Amino acid sequence: MAGSGYTRPPPPPPLGEGAAPAPSAALYVANCGPAVGLTHDDIRAAFAAFGEVAGVHGADGSGVRVIVRFREPAAAEAAMSALHGRPCAGLAGRVLHIRYSVPAKPKAPVGGSLPVATSASELGVPGIYLVPDFVTAAEEQELLAAVDNRPWKSLAKRRVQHYGFEFLYETRNVDSKQFLGELPPFVSKIIDKIMSFPGANKCTSKLVDQLTVNEYPCGVGLSPHIDTHSAFEEMIFSLSLAGPCIMEFRKYPKGSWRAPSMVSGTDKDSIEEPQCIRKAVFLPPRSMLLMSGEGRYAWHHYIPHHKIDDVGGQVIKRNTRRVSFTFRKVRMGLCDCEYGQFCDSQSK
């Protein structure tokens, strides 16, 4: 819908009950879009056979539905008559499902549009660092092969593996008395390299002793959260493999260590607070993210549940999978950080 002013029409009414949307110059077209390999330029060219196309826009975040706006309603009517329910030769023979679109109701913007940074300096969240190409393509394949040769544990929407200590999702903590053993040899090089990050050389003991490997299928994200202060020390490292994503950081000045979505038991992109500060950064494959200081302790991090991402106007399709290696150091006592408002240790 972004930029088109139109949106998905309501479902067709039962026969004899109500009326379908009136013919207009805008069409809602399903079964085509960037997620199936068809660019907006491809779609514009195919529909231009019926009249001048004013614009092609994504109908939602799926990447498989678009809004096609013509200059004249007659062109939309001709396209509907010729293409609805039929294979379109100009779009790789895809069978299109078309309805007349309806004007979108204006929504009050929450924080305006959210630009996506491509570097930590552009993001501007204190304590967040991002290193692209932290591992080579060959090292990436070795790491993926290593975890794929080990058993996965299935959660509701993703698969996980735990090393060192198991993360307990019910309490968002770990049992520090249940040590699973040293981190596996296949991450030894990664642990050596993260010693180069700012502040890493100040550690007097092991920098990390817990690893969670997450496999996210395409379209699956992560709920807004702050890694529990009492569970882990300050520095949290996350290596992205196999696919890209956008990570959003949110600061709730009047909130707490629990995001609104966590409190209400829902997980919706639209949940906001009026004073919420939102920033986003693009995480390419093979990049390493460090969350430390304020960025780790006071900002919730979140991965939107999208199949495609818009980065500076460029549509980037998510891979069939994204695998993250998150390295942390288990805390053996209470947290006494300076961000007490967001600290579960200090809020008890």
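Predicted model, so just to flag it, every value in this text is computed and none were measured. For this chain, numbers begin at 1 and follow the sequence in order.
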Requested in this report: Look up atom CG in Leu96 and atom SG in Cys88, then write down how far apart they are to the nearest 0.5 Å.
Outcome: 5.5 Å
Report task. Taking all heavy atoms of Ala79 and all of Leu27, pick out the closest pair and write down the distance. Result -> CB-CD1, 3.9 Å
Query raised in the report: Short question: side chain of Gln346, backbone of Leu334 - any donor-acceptor pair under 3.5 Å?
Result: no
Query raised in the report: What orientation do Phe186 and Phe325 show, parallel under 30°, tilted 30 to 60°, or perpendicular over 60°?
Result: perpendicular
Query raised in the report: Given side chains that start at C-beta, do those of Arg318 and Asp309 come closer than 4.5 Å, heavy atoms only?
Result: yes
Query raised in the report: Are any non-hydrogen side-chain atoms of Leu241 and Val135 less than 4.5 angstrom apart?
Result: yes
Query raised in the report: Between SG of Cys335 and OH of Tyr297, what distance do you get to the nearest 0.5 Å?
Result: 4.5 Å
Query raised in the report: With a 3.5 Å cut-off and no angle check, do the side chains of Glu294 and Trp299 form a donor-acceptor pair?
Result: yes
Query - Non-hydrogen side-chain atoms of Met247 and Leu289 separated by less than 4.5 Å - result: yes
Report task. Assess whether atom NZ of Lys193 is packed by more than 12 heavy atoms of other residues, nucleotides or ligands within 6.0 Å. Result -> yes
Query raised in the report: Distance only, no hydrogens: is a donor on one side chain within 3.5 Å (strictly under) of an acceptor on the other, for Ser119 and Ser121?
Result: yes
Query raised in the report: Is there a path of hydrophobic side-chain contacts, each under 4.5 Å between heavy atoms of I, L, V, M, F, W or Y residues, that connects Phe50 with Leu38?
Result: yes
Query - Straight-line distance of Ile194 CD1 to Leu239 CG, nearest 0.5 Å - result: 10.0 Å
Query raised in the report: Just checking, any donor-acceptor pair under 3.5 angstrom between side chains of Asp344 and Ser230?
Result: yes
Query raised in the report: More than 12 heavy atoms of other residues, nucleotides or ligands under 6.0 Å from CD of Glu122: is that the case?
Result: yes
Query raised in the report: Quick check: does any side chain N or O of Lys279 sit under 3.5 Å from a backbone N or O of Glu248, one acting as donor and the other as acceptor?
Result: no
**Report entry** Leu211 CG to Thr326 OG1 distance, which is reported to the nearest 0.5 Å
**Finding:** 7.5 Å
Query raised in the report: Side chains of Gln161 and Tyr163: do they bring a donor and an acceptor to under 3.5 Å?
Result: yes
Query raised in the report: Okay, side chain of Asp148, backbone of Ala145: is any donor-acceptor separation there less than 3.5 Å?
Result: no
Query raised in the report: Hey, does Phe327 have a side-chain heavy atom less than 4.5 Å from the side chain of Gln210?
Result: no
**Report entry** Within one Ile-Leu-Val-Met-Phe-Trp-Tyr cluster: Tyr100 and Val68, side-chain cutoff 4.5 Å
**Finding:** yes
Query raised in the report: Going by heavy atoms in the side chains, are Tyr252 and Ile277 under 4.5 Å from each other?
Result: no
Report summary line: Shortest non-hydrogen pair, Ile190 vs Phe134, comes out as CG2-CE2, 4.1 Å
Report task. Give the intermediate values and the outcome of side chain to side chain contact (heavy atoms under 4.5 Å, CB included) for residues Val102 and Tyr28. Result -> CA-CA 9 Å; Val102 296; Tyr28 174 84; over 6 Å; no
Query raised in the report: Any side-chain heavy-atom pair from Arg69 and His57 closer than 4.5 angstrom?
Result: yes
**Report entry** Sequence-distant partners of Asp133, side chain to side chain contact (heavy atoms under 4.5 Å, CB included), two or more places apart
**Finding:** Arg286
Query raised in the report: Is any side-chain heavy atom of Leu207 closer than 4.5 Å to a side-chain heavy atom of Phe197?
Result: no
**Report entry** Pairwise side-chain contact, Cys32 with Ile43, heavy-atom cut-off 4.5 Å (strictly under)
**Finding:** yes
**Report entry** Nearest heavy atoms of Leu180 and Phe165, plus distance in Å
**Finding:** CD1-C, 3.8 Å
Query raised in the report: Do you know which two heavy atoms are closest between Ser324 and Ser238, and how far apart they sit?
Result: CB-OG, 4.1 Å
Query raised in the report: What is the minimum heavy-atom distance between Asn319 and Gly243, and which atoms define it?
Result: CB-CA, 3.7 Å
Query - Test log, rule side-chain hydrogen bond (donor to acceptor under 3.5 Å, both in side chains), inputs Ser81 and Glu77 - result: CA-CA 6 Å; Ser81 176; Glu77 184 178 2; over 6 Å; no
Query raised in the report: Is the backbone of Val131 close enough, under 3.5 Å, to the side chain of Ser287 for a donor and an acceptor to pair up by distance?
Result: no
**Report entry** Short side-chain to backbone donor-acceptor contact, His84 and Ile98, under 3.5 Å
**Finding:** yes
Report task. Assess the side chains of Ser345 and His229: does a donor N or O sit below 3.5 Å from an acceptor N or O? Result -> no
Report task. May I ask you to establish whether Arg328 and Phe167 are in a cation-pi arrangement, using a distance under 6.0 Å from NZ or CZ to the six-membered ring centre and at most 45° from the ring axis? Result -> yes
Query raised in the report: Do Val147 and Ile191 sit in the same hydrophobic cluster, where Ile, Leu, Val, Met, Phe, Trp and Tyr count as joined when their side-chain heavy atoms come under 4.5 Å apart?
Result: yes
Query - Expected output: side-chain Asp209 to main-chain Val330 donor-acceptor under 3.5 Å - result: yes
Query - Closest heavy-atom pair and its distance - Pro285, Glu140 - result: CB-OE2, 4.0 Å
Query - salt_bridge(Lys153, Glu166) N-O dist < 4.0 Å - result: yes
Query raised in the report: Could you give the distance from CD (Glu215) to CG (Leu155), rounded to the nearest 0.5 Å?
Result: 11.0 Å
Query - Gln141 side chain to Ala138 backbone, donor-acceptor under 3.5 Å - result: no
Query raised in the report: Okay, side chain of Ser292, backbone of Gly127: is any donor-acceptor separation there less than 3.5 Å?
Result: yes
Query raised in the report: Between the main-chain N or O of Val53 and the side-chain N or O of Arg44, is there a donor-acceptor pair closer than 3.5 Å?
Result: yes
Report task. Starting from the C-alpha separation in whole Å, work towards a yes-or-no answer on salt bridge (charged side-chain N to carboxylate O under 4.0 Å, His left out) for Lys329 and Glu233. Result -> CA-CA 5 Å; Lys329 169 74 172 171; Glu233 297 283 355; over 6 Å; no
Query raised in the report: Does a donor on one side chain sit under 3.5 Å from an acceptor on the other, for Ser62 and Asp60?
Result: yes
Query - Common cluster, Val323/Val160, ILVMFWY with side-chain heavy-atom separation under 4.5 Å - result: no
Query raised in the report: Would His225 and Phe249 count as a close aromatic pair, with their ring centres under 6.0 Å?
Result: no
Requested in this report: Determine whether Ile303 and Leu123 fall in the same hydrophobic cluster, where Ile, Leu, Val, Met, Phe, Trp and Tyr are linked whenever their side-chain heavy atoms lie under 4.5 Å apart.
Outcome: yes
